[in-house]
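Encoded as structure tokens, the structure appears first; notes follow it.
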Amino acid sequence: MALASDIPPDTSHHLGDRYDHGEIEPRIRELWDGADIYRWNPDDTTRPKWFVQSMFPYPSGDLHIGHWFAFSGGDAAARFKRMEGYNVLHPQGFDAFGLPAENAAIRGNVHPSVWTYDNIANMRNQFDLMGNSYDWSRQIITCDPEYYKWNQHFFLKFLENGLAYRSDGAVNWCPEDQTTLANEQVKDGKCERCETTVIKRNMPQWYFAITKYADEMLDMSGIDWPEKVLVSQENWIGRSEGVDIRFDISEYDLETTSIPTFTTRIDTIFGVTFVVLAPEHPLVDELTQPEYQATVEKYVAAAARETEIERTSAVREKTGVPTGSFCLNPLNGERVPILVGDYVLATYGTGAVMGVPAHDERDFEFAKKYNLPIRVVVAPKGWDGHDLDAAYIAPGVQVNSGEFDGLPSEQGKESISDAIEANGWGERVVTYHLRDWLISRQRYWGTPIPIIYCDDCGAVPVPYEDLPVELPSDAKFQPSGRSPLIEHEEFLNAPCPNCDRSGKRETDTMDTFMDSSWYHMRYLSPEDATHPFDRKVANGWAPVDQYTGGMEHAVMHLLYARFFNRAMRDMGYVDFSEPYVHLFSHGTLTTETGKISKRSNPLAPDPLVREYGADTLRCYLMFLGPWDRGGAWTESGINGIRRWLHRVWDIGTRDASELNGGDQADERELDVASHTLTKRVIEDMRAYKYNTSIAALMTYVNQMNDAWENGGVTPELWRSSVQRLLLHLAPLAPHIAEELWLRNGWAFSIHEQTLPEWDEAKLTVDTIKIVVQVNGRVRDTITVPTDAGDKEIAAAALSSPGAVRHTQDKQIHREIYVPGRLFNIVVG
RNA sequence: GGGGGAGUGGCGGAAUGGUAGACGCGCAUGCCUUAGGAGCAUGUGGCUGCGGCCGUGCGGGUUCGAAUCCCGCCUCCCCCA
């Protein structure tokens, strides 16, 4: 601060020049850079701390208009907080690992590193055009070995603490990207990146034990996030309580003597009339009787060709074939048929479900189709014993349920579960939709997993002192689908850290969501060579107070980061649980053809910046509508913002000494307008309502123009109004606000000033306008002194011409006065 | 199928129980200008007999008063299956 204000105001320009954004904006940014006003001072404890961050971008090559939409709002939030008196840390970086770089390498023979750093250089220039208040001295780039070294460090720590493990099994494989994917990265059965249909493959992969924290992450009491994000996370974790119950098949003399099924509706157990196995279920072969063999085999083969989405689609007809075998319902000893049906998935629950057609829609449909019995065991209110037209899903009263008859089904659930556990037929279990996080990727451009495989010692961690395991810079990129690391002999072959015999390195790299799971912490100590971050600084400055980003990360990134933070907490790195306290999800900016993103519609902002200036573009994007709703991009209307900033310029460059002043009414009016402005803008900015903040500023500019026209205000009042206008404008249009601030002779920098306050007592003029209604319809308005009594107001309202016209010849039943707003007369 | 959000002028939107349409775009008229896709001023939901009447997706309800609250429906968007 002290250093900054030593810089003399710029006097080379004079009041009265035209608003020339092309000349002003770069010059102002140089002033900011020269004084380094956005550099974070971690030691300043005189002000409360505020760690504010926008989700960092992938260095795709260019900042598009969608980035501007996201980062303009993020910057306005940071600047506003700074002017509210906080010590602000507002960093930025690049999420620099990922497939596009590698694909570019395969296509164009340019190394992913070169491609990435070129893009970053270009995007830094584009970022500079925006004039955001980032402290670039803390920039982090995740593909830098100095960064990914700490990914490897955490991987080893996770391994030591039982949070990372290697496991063989069915995984999601994207044939286009030639890599496995985490469950969160599969959308509608397709790869989240390239929309190729994902297939199942069996291969050994590394996992993080995120499910250990499933229950803890369901507790969202420590975070202030948008409801829809919380709901998304809750749904994704998908906790459900139920019962694993076994159906006896010992009559077939197999190794397995029962079929385990999972159900959340154990209260319907007496309604089981069949059991359905997934086509991939291991017991299908053994249970299929010879006469059914041909049909079952055909059915299983057909199911294998379909995707999970197709199979579980609600509109699709449910199909199945009998195996000819039966199993026993432990509760009533009934023998029910076993079928194979493709609406049951092998990967969910136990791969087998008990069929209760009376109380499950899919089972109902299935039973109707194959003429299986439908037995009601949970009766709807007033049920008369007749057949159901549809499955009855809701709670009811137990019937046809033996000793449990008459119990409300919610209670039946508990009593039946108790009985099952007491008899050893099964047990209560909690299942989750969330799976452990698969982090292995068969690609080059990511963090190498620090493991060496040794024939004698197995998977051996690379010692900490050997980190980072660096990506070889001379890897070859070919469209073979094989990772360049497998082909790279020098990288691949490494001595076993344990026994020193020859070993092979793990050639898989980490999911790039690893990088973003803790990057915010690295901003705090970007150059720390001995720790991922400084623990003392971290516990003083983290968690992030305010985080902004798009809804597309509602589950993936934000869930991984919550997991990672808890893992760090339990390993002693931090003493808090949640990484991001407040979250604001901005909407998506779209064009006629869809979402603007790195993958489509890159609408370049640079020509718009040249034509209109960064301030105009920033304000225009923030004025489009509420930030959390997004909107359709169209250039029409941007001129309105330009016109407005020209008017701001005009007002900010007028010579106040031309004013005579002395009109008390004019002065009072401008004073009221000023306090109203401050109240509106501060309240709206706190709620990220940038569109209405700008509307309030526009109104104020119009009011200032009127005041100037009337000429009744003093030069002092005028100048204080200009000051107020600029202070409130500064977070939104930082360049023009600074330039006008300096031209008026005020101390550099406006961005280090404190916002003005408002006085509730100064929000009303001497007279107020009161609406007069008759039976709720507006008939007149009256103007009364602010301090008028209720009787006075009633008299004025009742005698107003509009009221008289509608109340004569009528009986007045009631009079309702809403203080300061309206007077309603109720007539009969 | 489940969950979340939205529906208001020609357009983006404002107003979350108290004058519907703030603010802006567009449009219209006028002024200024050699000229203007510039600037300035005024107007701008529809109908009107100038008293008013109608109007916030549709139908009902609560209330002195409803875009806002309640019940039923329709449409669109997003997320999940």
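Residue numbers begin at 1 in each chain, while the letters A, B, ... track the order of the sequences.
- Residues A:Asn824 and A:Asn691 both approach RNA chain B. Their nearest nucleotides, taken by heavy-atom distance, put A:Asn691 toward the 5′ side.
- Contact of the A:Met217 side chain with the A:Ile237 side chain is registered, since non-hydrogen atoms from C-beta on lie closer than 4.5 Å.
- Residues A:Trp437 and A:Phe513 keep their aromatic ring centres 6.0 Å or farther apart.
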Solution key, residues 675-682 of chain A side-chain donor-acceptor pairs under 3.5 Å, sequence neighbours excluded:
| unit_1 | atom_1 | unit_2 | atom_2 | d |
| --- | --- | --- | --- | --- |
| A:His675 | ND1 | A:Asp759 | N | 3.0 |
| A:Thr676 | OG1 | A:Val672 | O | 2.7 |
| A:Thr678 | OG1 | A:Ser674 | O | 3.3 |
| A:Thr678 | OG1 | A:Arg724 | NH1 | 2.6 |
| A:Thr678 | OG1 | A:His728 | NE2 | 2.9 |
| A:Lys679 | NZ | A:Glu683 | OE2 | 3.3 |
| A:Lys679 | NZ | A:Glu760 | OE2 | 3.3 |

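- Looking at residues two or more places apart in sequence or on another chain, you find a ring-ring contact (aromatic ring centres under 6.0 Å, His included) between A:Tyr620 and A:Trp633.
- At a threshold of 4.0 angstrom between heavy atoms, the contacts of A:Leu624 are confined to the sugar-phosphate backbone, with no base atom among them.
- Taking atom C1' on both B:G24 and B:G72, the two are 38 Å apart, rounded to the nearest angstrom.
- Residue contacts shown for A:Arg779 are limited to sugar-phosphate atoms, with no base heavy atom under 4.0 Å away.
- Base engagement by A:Val818 is indicated by at least one non-hydrogen atom pair under 4.0 Å involving a base atom.
- Within the nucleic acid shown, A:Arg647 comes within 4.0 Å of sugar-phosphate atoms alone, with no base atom in reach, counting heavy atoms only.
- Helical stems involving RNA chain B, defined as 3 or more consecutive Watson-Crick or G-U pairs under 3.5 Å, span B:1-7 with B:74-80, B:10-12 with B:23-25, B:26-31 with B:39-44, B:45-47 with B:52-54, B:57-61 with B:69-73.
- Within the 4.0 Å cut-off from OP1 or OP2 of B:A41, not a single side-chain nitrogen or oxygen of A:Asn705 is found.
- At a threshold of 4.0 angstrom between heavy atoms, the contacts of A:Glu234 with the nucleic acid are absent.
- With a glycosidic angle no more than 90° from 0, B:G9 adopts the syn conformation.
- Remark: A:Arg654 fails to qualify as a cation-pi partner of A:Trp718 under the 6.0 Å distance and 45° angle criteria applied to the six-membered ring.
- Atom CD of A:Gln811 has 12 or fewer heavy atoms from other residues, nucleotides or ligands within 6.0 Å.
- Distance CG (A:Leu589) to P (B:G12): 14 Å, rounded to an integer number of Å.
- Residue contacts for A:Trp236: at a heavy-atom cut-off of 4.0 Å it reaches the sugar-phosphate backbone alone, with no base atom in range.
- Across all strands, A:Val826 comes closer than 4.0 Å only to sugar-phosphate atoms, never to a base (heavy-atom distances).
- The glycosidic torsion of B:G43 lies more than 90° away from 0, which places this base in the anti conformation.
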